[in-house]
Amino acid sequence: MADLRGLRALIVDDNEVNRRMLHEQITSWGMRNGSFSSGEQALEGLHAARQSGDPYHFAILDYQMPGMDGATLAKEIKADPATRTRCW
């Protein structure tokens, strides 16, 4: 199994309980994370993380969210030159 310690995960889910559960699981593996309740907040967080020099390595997205759903968020990430690279 690959070493996951130190990787940073982006968690996006409108359900607080789901975000908390994912946070607990990810931190138990030695990973860091940021969590957001909407796609719009997640995009802002991605840009801020990249600008601060501490980008996310991967994302866990809820597919069904009000407003911007997970599929739309993934498309937005891929469409933006600032976030479409491997680490955001």
Drop me the distance from [X]'s [atom1] to [Y]'s [atom2], to the nearest 0.5 angstrom.
X   : Y   : atom1 : atom2 : value
S38 : E44 : OG    : CD    : 7.5 Å
H47 : S52 : NE2   : OG    : 13.0 Å
W29 : D3  : CH2   : CG    : 13.0 Å

Steps toward side-chain contact (heavy atoms from CB on, under 4.5 Å) verdict (I11, N18): CA-CA 9 Å; I11 299 169; N18 292 346; over 6 Å; no
Among the clusters formed by ILVMFWY side chains lying less than 4.5 Å apart, do Y63 and M65 turn up in the same one?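 No, it is not one cluster - the side chains of Y63 and M65 are not joined through contacts under 4.5 Å.
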Does a side-chain heavy-atom distance below 4.5 Å link L43 with F36?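 The answer is no, as the side chains (C-beta and beyond) never meet within the 4.5 Å cut-off.
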Which atom names give the shortest non-hydrogen contact between [X] and [Y], and what distance separates them?
X   : Y   : value
L73 : G39 : CD1-O, 3.7 Å
D14 : Q64 : OD1-O, 3.6 Å
M31 : A9  : CE-CB, 4.2 Å
A42 : V12 : CB-CG2, 3.5 Å
N33 : Y56 : C-CE2, 4.5 Å

Would you call E24-R20 a salt bridge at under 4.0 Å N-O?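 No, E24 and R20 are not salt-bridged.
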Residues D62 and R19 bridged, charged N to O under 4.0 Å: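 Salt bridge absent between D62 and R19.
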Assess whether side-chain contact (heavy atoms from CB on, under 4.5 Å) is satisfied between R32 and T27, documenting all intermediate values. CA-CA 6 Å; R32 301 173 302 123; T27 56; over 6 Å; no
Donor-acceptor contact present, side-chain H57 to main-chain L7, <3.5 Å: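 Checked: no pair found.
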side-chain contact (heavy atoms from CB on, under 4.5 Å), that's the test. Do I60 and L10 meet it? Break it down for me. CA-CA 6 Å; I60 301 171; L10 174 72; over 6 Å; no
Quick test of your reading: applying side-chain hydrogen bond (donor to acceptor under 3.5 Å, both in side chains), list the pairs with at least one residue in residues 65-79, sequence neighbours left out, ordered by first then second residue.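 Every pair satisfying side-chain hydrogen bond (donor to acceptor under 3.5 Å, both in side chains) with a residue in residues 65-79: D69-T72.
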